[in-house]
There are 2 protein chains.
Amino acid sequence: MGTKCHPTADWIFACVKRKFPHLSLGTVYRNLNILKEQGKIQELSFGSTFDRFDGNPQPHYHFICEKCGRVFDVDLPLEDHLNKKAERILHFKVNYHRLEFFGKCGNCQ
Amino acid sequence: MGTKCHPTADWIFACVKRKFPHLSLGTVYRNLNILKEQGKIQELSFGSTFDRFDGNPQPHYHFICEKCGRVFDVDLPLEDHLNKKAERILHFKVNYHRLEFFGKCGNCQ
DNA sequence: ATATCTGCAAATGGTTTGCGGAGGA
DNA sequence: TCCTCCGCAAACCATTTGCAGATAT
């Protein structure tokens with residue numbers, strides 16, 4: 001939590017191992033999962049272990065069911081003004097953004 | 001492209017194999033990657049093979065460098081009205097959303 | 001003929017797990 | 001003693017890749 005760098009498990013392993021040379025990678029993963037369950041950290045991934053593909057290459061938004069993992073298109077107009085807002089804050093060039101909604105789908109609620 | 005179900009590679013494999021029983025999974029992955037490079041489909045993943053973790057469990061937005069993969073926080077106010085908009089379209093309950101900006105970071109541009 | 005694509009099977013690599021032992025209460 | 005956590009190494013599994021044969025131009 002003391003870093004802003006959004007670390008990978010491996011990065012954490014390398015760091016902590018400097019102080020605890022016997023540390024094993026399994027322990028890092030185990031504790032990351034515990035912290036995640038406790039809501040103290042979040043994992044930045046698409047939510048599933050599989051990659052999913054979308055036959056529509058145009059940018060558009062998605063809804064992901066937290067229970068069954070199904071993915072739906074969301075036909076909202078793109079909020080492209082957000083790119084400019086982010087650029088002003090970051091001072092980086094923003095090419096596009098992706099927006100995903102999470103909740104429970106019709107079958108699962 | 002004829003489905004709206006955002007398929008996994010495995011789902012495509014099972015479908016196409018019905019028509020081409022000798023099809024192999026490697027071929028599916030190879031062609032998905034070609035289509036992706038050609039911009040005809042998109043892959044729905046966080047962009048890297050590693051999972052990344054965030055010590056801040058509060059919802060907030062991220063910027064991901066398309067070149068080096070580094071992740072930055074974006075201190076924009078949450079656009080929570082979008083949840084309601086998505087609910088009206090989908091008729092599903094939306095709990096939260098995630099927003100990621102893509103571009104090149106200061107080091108990479 | 002030659003360049004590309006395929007099936008197959010093995011390799012890859014990040015993540016998970018089983019097990020026996022160490023440490024704490 | 002009992003429970004929890006750990007290191008270690010093997011297992012897991014989605015994805016990639018090397019190779020030799022098939023296909024297409």
Side-chain angles (χ1 to χ4, degrees), chain A residues 1-57 62 64-72 98 100 102, chain B residues 1-57 62 64-72 98 100 102:
Chain A
M1 289 173 186
T3 179
K4 279 188 289 184
C5 84
H6 306 83
T8 62
D10 217 61
W11 185 93
I12 295 169
F13 175 60
C15 273
V16 182
K17 200 181 178 72
R18 267 182 245 141
K19 245 193 157 164
F20 300 90
H22 290 292
L23 181 70
S24 94
L25 192 52
T27 301
V28 173
Y29 278 106
R30 260 188 294 240
N31 284 293
L32 283 169
N33 281 325
I34 291 168
L35 289 168
K36 198 171 58 176
E37 274 164 32
Q38 294 175 342
K40 292 181 183 161
I41 62 171
Q42 59 174 315
E43 189 175 358
L44 304 178
S45 67
F46 202 72
S48 114
T49 59
F50 309 89
D51 287 354
R52 285 178 174 277
F53 295 86
D54 191 328
N56 176 3
H62 290 103
I64 297 147
C65 177
E66 298 180 277
K67 193 165 173 218
C68 70
R70 245 189 302 185
V71 179
F72 300 83
R98 230 171 40 191
E100 294 108 28
F102 291 84
Chain B
M1 287 171 187
T3 180
K4 279 188 288 184
C5 83
H6 306 81
T8 61
D10 218 60
W11 185 94
I12 295 169
F13 175 60
C15 273
V16 182
K17 200 181 179 72
R18 268 183 245 140
K19 243 191 158 164
F20 300 90
H22 290 293
L23 180 70
S24 94
L25 192 53
T27 302
V28 173
Y29 278 107
R30 262 188 293 241
N31 285 292
L32 283 169
N33 280 326
I34 291 168
L35 289 167
K36 197 171 60 175
E37 275 165 32
Q38 293 174 343
K40 292 180 183 162
I41 62 171
Q42 58 175 317
E43 189 177 358
L44 303 179
S45 66
F46 202 73
S48 117
T49 59
F50 311 89
D51 286 353
R52 286 178 173 276
F53 296 87
D54 192 328
N56 177 3
H62 290 104
I64 297 147
C65 177
E66 297 180 278
K67 196 167 171 214
C68 71
R70 246 189 301 185
V71 179
F72 300 83
R98 228 170 40 190
E100 294 108 28
F102 291 84

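Below, chain A is the first sequence line, B the second, and so on; all start at residue 1.
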Novice: Restricting to ring pair (Phe, Tyr, Trp, His ring centres under 6.0 Å), what partner residues turn up for Phe102(A), sequence neighbours left out?
Specialist: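 Tyr96(B).
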Novice: Could you tell me the separation between the CG atom of Leu32(B) and the P atom of dC5(C), rounded to a whole number of Å?
Specialist: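 Nearest whole value for this atom pair: 15 Å.
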Novice: Rounded to whole Å, how long is the line connecting atom NZ of Lys17(B) with atom C1' of dT6(C)?
Specialist: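 Lys17(B) atom NZ is separated from dT6(C) atom C1' by 12 Å.
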Novice: Spell out protein contact along nucleotides 16-22 of chain C as letters: B when the base is contacted, S when just the sugar-phosphate is, - when no protein heavy atom is under 4.0 Å; keep the 5' to 3' order.
Specialist: BBB----
Novice: For the pair made of CZ in Phe20(B) and C1' in dT6(C), what is the distance, rounded to whole Å?
Specialist: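 From Phe20(B) CZ to dT6(C) C1': 13 Å.
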Novice: Figure out the NE2/P separation between His22(A) and dC8(D), and round it to whole Å.
Specialist: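 Taking atom P of dC8(D) as the reference, NE2 of His22(A) is at 7 Å.
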Novice: Over how many whole Å does the gap from Leu23(A) atom CG to dC6(D) atom P extend?
Specialist: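 Distance, rounded to whole Å: 9 Å.
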Novice: Using atom CG of Asp10(A) as one end and atom C1' of dG13(C) as the other, report the distance to the nearest whole Å.
Specialist: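 Going from Asp10(A) (CG) to dG13(C) (C1'), I get 10 Å.
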Novice: Identify which nucleotide among dG7(D), dC6(D), dT6(C) has an atom closest to any side-chain atom of Asn31(A), counting heavy atoms from C-beta outward.
Specialist: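 From the listed options, dC6(D) comes nearest.
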Novice: Quick one: list whatever passes side-chain hydrogen bond (donor to acceptor under 3.5 Å, both in side chains) with Lys17(B), sequence neighbours left out.
Specialist: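 Checked Lys17(B) against side-chain hydrogen bond (donor to acceptor under 3.5 Å, both in side chains); zero matches.
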Novice: Whole Å only: how far is the CZ atom of Phe13(B) from the P atom of dT6(C)?
Specialist: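 After rounding, the reported distance stands at 14 Å.
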Novice: Thr3(A): what forms a side chain to side chain contact (heavy atoms under 4.5 Å, CB included) with it, not counting sequence neighbours?
Specialist: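 Testing Thr3(A) for side chain to side chain contact (heavy atoms under 4.5 Å, CB included), a comparison that skips the adjacent residues, returns Cys5(A), Pro7(A), Trp11(A).
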Novice: To the nearest angstrom, how far is Ile34(B) atom CD1 from dT4(C) atom P?
Specialist: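 Ile34(B) atom CD1 is separated from dT4(C) atom P by 11 Å.
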Novice: Under the rule for side-chain hydrogen bond (donor to acceptor under 3.5 Å, both in side chains), what residues qualify as partners of Gln42(B), not counting sequence neighbours?
Specialist: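 Testing Gln42(B) for side-chain hydrogen bond (donor to acceptor under 3.5 Å, both in side chains), a comparison that skips the adjacent residues, returns none.
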Novice: Tell me whether the count of non-hydrogen atoms from other residues, nucleotides or ligands lying under 6.0 Å of NZ in Lys36(B) goes above 12.
Specialist: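 Above 12, so yes.
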Novice: Would you please name every residue forming a side-chain hydrogen bond (donor to acceptor under 3.5 Å, both in side chains) with Asp54(B), sequence neighbours left out?
Specialist: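 Partners of Asp54(B) under the side-chain hydrogen bond (donor to acceptor under 3.5 Å, both in side chains) test: His6(A), His60(B), His62(B).
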